[in-house]
Number of protein chains: 2
Amino acid sequence: MLMQMPLPISLGLRPVSQISRNTRRPATVAHDLKEQMDLMGAPMAFFRNAEIYGEGESADYIYKIVSGSVRTYKMFDDGRRQIGAFYFPGDIFGLELGDDHQFSAEAIDKCVILVIKRSALVALADRDGDTARRLWSFTAGELSRVQKHMLLLTKSAEDRVACFLLEMAERRASGEVVELPMSRQDIADYLDLTIETVSRTLTHLATKATIALPTSRRIVLRNRTALDRLDA
Amino acid sequence: MLMQMPLPISLGLRPVSQISRNTRRPATVAHDLKEQMDLMGAPMAFFRNAEIYGEGESADYIYKIVSGSVRTYKMFDDGRRQIGAFYFPGDIFGLELGDDHQFSAEAIDKCVILVIKRSALVALADRDGDTARRLWSFTAGELSRVQKHMLLLTKSAEDRVACFLLEMAERRASGEVVELPMSRQDIADYLDLTIETVSRTLTHLATKATIALPTSRRIVLRNRTALDRLDA
DNA sequence: CGACCATTTGATATGGATCAAGCGATGTGG
DNA sequence: CCACATCGCTTGATCCATATCAAATGGTCG
């Protein structure tokens, strides 16, 4: 839900006016959905742990991260939380074909996010084949991401953690040093493991000198070959 | 690979000519991708266990099942097989946005399948917004299916089997009696369990009178409420 | 009828969960 | 500026769900 926040802690929303609106509209034509969002989106800020939208709410907006990180997740009756995805600067999320969101979304840390109305894009897609294809493209990308995630859940704990580290290294692209914005609990809920197992596995990889852990949120890949082997 | 089969057992392909080709072209306009495939598709027959396409092969065709059942799967280096989906009469599969297939596809039993060239549909989508939207729609449907599957893999063995039975009951819609075309191994590889665990869980559900097992491939849902509870 | 394959059932092993405690960094109030 | 509370993470001990290994049963087809 975009326009009101139920809990004080969720009051992460600052009025758009506080942020310099993206007024400059370059003569450039958008070549993909991301560029298109740069042109059309309104920036909003969210505090750490702020809810961006909730599962089941109507999916009226599409989001693109300018800065910060986001998690999407689903809660189960038994209290378990499954994280569906992490999103980072440049990533788009929240676009659904159906009427409402299948997952909830929260800011992992302080975020600035471009927001545009879905109806605007969908209406445009009716007239513009390029836009239509971009919407398809985005959904196909999500499909392939979820397929990978599904396959991840069939692997051993060590394999899952290794895949996770490689994915982060690739997406956050900062050489061998990976800065993790999310907690061990977030990682555990993404990999469907417990925090204890995640922690033990990281310790174990560090013992084998496959990685180094200068701090708990900073991970150095010291032996990518070994990690790739676990990836398979 | 569509035009040649490497193994004798895979020689499931009969020339189209042996099957009455869908010559009748009704004046009706297609309202969705399935109807469109009925109009455009050429029927082909596959024997039990015949390969329809292999992972990594170029995704030149799209498929719609007339009769029979299909599994898609991925093999891992360690010999594990993960089944990605089961498809039944009326279902479309094999449509990719990218150049090649992410999974392999095999006939579970004797199948008749309509086949059309992807390029034909994609070219049409460039001109026809309805077709474009149908392609997006299909991919979005696959996305939501895979998301459900991913969440399934985070549940207990009993929950997975219960969800599986409910899914089959819904999709094959024959009242309380579910006729399963696939083996226990197929089910196990879909749910990421062993055949032993699948078998034991079914036996256990039968003991609790939640289901009945008149034969190993025929399952009667005797207490859907109990299954729904496990579904969550 | 007999061979073969799919399925079930039984005995044991194990990877990861759970329960519990300790540790280190960060922040807060005195 | 330090004492202490808090929170996130790690480490240790034990348990349990499901895998693994092994054998029996049943169904199908020549």
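For the numbers below, each heavy atom of this structure counts, side chains included, while hydrogens, waters and symmetry mates do not. Please read these numbers as outputs of a predicted model, since none were measured by experiment.
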Anything under 3.5 Å between a protein N or O and an N or O of nucleotides 3-7 of chain C, put it in a table, one pair a line.
unit_1, atom_1, unit_2, atom_2, d
C/dT7, OP1, B/R217, NE, 2.9
C/dT7, OP1, B/R217, NH2, 3.4
C/dT7, OP2, B/R184, N, 3.0

Inset, instruction - Assign A/T215 to base, sugar-phosphate, or nothing according to its heavy-atom contacts below 4.0 angstrom with the strands shown. - result: nothing
Legend entry - Flag side-chain contact, heavy atom, 4.5 Å: A/V178 against A/F164: no
Inset, instruction - Starting from the first five and the last five pairs of the helix from C/dC1-D/dG30 to C/dG30-D/dC1, work out the angle between the resulting helix axes, to 10 degrees. - result: 30°
Inset, instruction - Provide, to the nearest angstrom, the distance between the CG atom belonging to A/L213 and the P atom belonging to C/dC23. - result: 19 Å
Legend entry - Presence of salt bridge, A/E96 and A/R118, under 4.0 angstrom: no
Inset, instruction - Take atom CG of B/L153 and atom C1' of D/dT18, then tell me their distance rounded to the nearest Å. - result: 15 Å
Legend entry - Per-nucleotide protein contact string for nucleotides 19-30 of chain D (B base, S sugar-phosphate only, - none; heavy atom under 4.0 Å): SBBB--------
Inset, instruction - Find the distance A/I219:CD1 to D/dC9:P and express it as a whole number of Å. - result: 11 Å
Inset, instruction - Please list, chain by chain and in numerical order, all residues satisfying ring-ring contact (aromatic ring centres under 6.0 Å, His included) with A/F93, sequence neighbours excluded. - result: A/Y63, A/Y87
Legend entry - Minimum heavy-atom distance B/R145-B/A85, with the two atoms named: NH1-CB, 3.2 Å
Legend entry - Pairs flagged by side chain to side chain donor-acceptor pair (under 3.5 Å) wherever residues 205-217 of chain B is involved - sequence neighbours left out: B/E158-B/K208
Inset, instruction - Using atom types as modelled and distance alone, determine if a side-chain donor or acceptor of A/R160 lies under 3.5 Å from a backbone N or O of A/D192. - result: yes
Legend entry - Parallel, tilted or perpendicular: rings of B/F86 and B/Y190 (30°, 60°): tilted
Inset, instruction - Report yes if some heavy atom in the side chain of A/L165 is under 4.5 Å from a heavy atom in the side chain of A/L202; otherwise report no. - result: yes
Inset, instruction - Check the distance between C/dT8's C1' and B/I187's CD1 and give it to me in whole angstrom. - result: 14 Å
Inset, instruction - Round to a whole Å and report the spacing from CG of A/L202 to C1' of D/dT10. - result: 11 Å
Inset, instruction - Indicate yes or no: does A/E196 engage A/R200 in a salt bridge with an N to O separation below 4.0 Å. - result: no
Legend entry - Partners meeting salt bridge (charged side-chain N to carboxylate O under 4.0 Å, His left out) with A/D186 (sequence neighbours left out): A/R71, A/R81
Legend entry - A/Q82, A/R80, A/K74 screened by side chain to side chain donor-acceptor pair (under 3.5 Å) with B/T154, the one that passes: A/R80
Legend entry - Protein-nucleotide distance (A/D189, atom CG; D/dC9, atom P), rounded to Å: 12 Å
